[in-house]
Amino acid sequence: MKRILFIGLCILTSFKSLACDFSNVIFEHDFATARLGQCKQISDTRFELTIFPELTAKNKPPINNSPWYAFKVTAKSETNIKIVMKVVGGEHRYPPKVSQDGKHWQLQKYRLRNKKMSFQLNVSDKPTWISAQEILTNEQYFQWGRNLAEQENIIQTVLGHSTQKKPIYKIETQGEGKNWLVVLGRQHPPEVTGALAIFPFTETLLSNSDLALEFRKQFNVLVIPNLNPDGVQLGHWRHNANGIDLNRSWKTFDQIESKQVDDYLTALVGQKQKMRMAVDFHSTKQDIFYTMPSDYGMAQPYLVETWLNSLDKEYPDFNVIQKPGNNPGKGVFKQYFTDKFKAHAITYEMGDNTDRRFIDKLAVSAANTLMTTLISSDPVTGK
Ligand SMILES: [Zn+2]
């Protein structure tokens, strides 16, 4: 007898429907960062899931291929299931990670065939989380900032609020000098490896090492680690709650998230403070550092090159790729910062699949070499 293949279908169109509840197996997306589109039960133990991006604002380019997903699975009775995942509006980019507590993650073995990703999973009444990358919620950023702010002279305060009125936090330290280093993160919600780098990078800048203490005498540090809390909460592929790519909004400033940063930096400069450098953390296919061309007119043309060359020297087996670029029309943060403040800015991109311990190690070295470079640089001679 022919087996009945199609048993059930569940379409999740909004956060009001938070589960795909089949007879034994339940898929849920009732937590921060969750994303799951459509679920179909093919057999007792086989399920097909489809992932969709968020809506893009009208007349905007198609969304970047960054198919984020995050959901959890439980079964009333323990069973082994097969999950097949399809993507609409893109192609699979992130190998699945699995967790039993939503905090500790392991790479899941999977197959990719005909653009469908499939894997086997043992499920029980205890939830199993499945996600495109490690889950990093708004709450985790806040707690991390709060821990940093337990140190003397480091504060975490609200910079402003997102489109959906979520707080956007800044972590700051101000010494006697007027020079500022700006660190920005999570414009793009799924770019978690960039986020994994911003934590050790910032912790190194704000540490009590002799170098960091000397650095903070001369330089003030402003860290905005999570500029897109709405996108993070909603499990967006790229955009903020208005369907806009924030890293294309630094020319129009029609999005409250980027506008508030611009207002804040402009106010600081109005108080005779000086923007010296910005580092914006992202993820892409490879580890790469997008810089501004050294002949672009920055006060110290070779500052970033000096920094990244010294980072490269520390890693004989790793190539620190520097890619200078200049796109005045696009509304990218790096370009904005350089155009407005005549200071260097870079986009610090970690590969999606870069070893997590290496991300950490490199970020510590990057922060240390940056501090050394900035301390020994001379803004007057440009060296
Ligand atoms: Zn990005």
Side-chain angles (χ1 to χ4, degrees), residues 33 35 51 53-54 56-57 60-70 87 89-94 131-138 141 162-163 168 182-199 201-202 223-252 255 257-258 261-262 278-292 304 321-327 329-338 345-354 356 359 362-363 366:
T33 78
R35 185 162 204 90
I51 308 302
E54 68 272 19
T56 298
K60 295 287 172 188
I63 197 160
N64 180 276
N65 186 51
S66 193
W68 176 261
Y69 53 89
V87 175
E91 286 183 24
H92 281 295
R93 169 169 161 179
Y94 302 111
S131 183
Q133 293 284 34
E134 297 89 330
I135 287 176
L136 281 174
T137 62
N138 296 327
Y141 280 98
S162 65
T163 302
I168 295 169
V182 178
V183 179
L184 183 67
R186 210 76 188 269
Q187 294 198 70
H188 298 143
E191 297 184 5
V192 166
T193 53
L196 293 175
I198 205 174
F199 295 133
F201 186 86
T202 302
V223 183
I224 304 157
N226 182 17
L227 188 66
N228 189 359
D230 297 342
V232 169
Q233 174 73 24
L234 297 167
H236 279 184
W237 287 20
R238 183 113 175 146
H239 297 149
N240 71 349
N242 291 327
I244 299 284
D245 181 345
L246 289 180
N247 207 24
R248 299 292 180 273
S249 71
W250 297 92
K251 202 172 169 65
T252 54
Q255 299 307 302
E257 291 88 353
S258 43
V261 175
D262 178 51
V279 184
D280 179 21
F281 285 83
H282 291 255
S283 307
T284 186
K285 286 186 181 128
Q286 59 171 336
D287 308 317
I288 189 164
F289 298 85
Y290 292 109
T291 62
M292 291 305 292
V304 158
I321 302 170
Q322 302 180 38
K323 194 156 193 278
N326 165 29
N327 288 295
K330 277 172 80 177
V332 170
F333 172 77
K334 168 178 82 97
Q335 182 85 34
Y336 144 80
F337 192 87
T338 295
I346 78 159
T347 312
Y348 184 125
E349 302 256 13
M350 280 291 98
D352 295 330
N353 302 316
T354 300
R356 285 7 185 191
I359 290 176
L362 188 73

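Counting starts at 1 for both ligands and their atoms, in listed order.
Taking a cutoff of 4.0 Å between a charged side-chain nitrogen and a carboxylate oxygen, Glu54 and Arg238 do not qualify as a salt bridge.
Within the protein, the number of N, O or S atoms lying under 2.8 Å from the Zn ion (ligand 1) is 4.
Applying the side chain to side chain donor-acceptor pair (under 3.5 Å) rule to Trp237 yields no partners; only residues at least two apart in sequence or on another chain are considered. Applying the salt bridge (charged side-chain N to carboxylate O under 4.0 Å, His left out) criterion to Arg248, with sequence neighbours excluded, gives no partner residue. Listed by chain and number, the residues in a side chain to side chain donor-acceptor pair (under 3.5 Å) with Gln286 amount to none (sequence neighbours excluded).
Distance CG/Asp352 to OG1/Thr284: 6.5 Å, rounded to 0.5 Å.
Aromatic ring centres of Tyr290 and Tyr348: separated by at least 6.0 Å.
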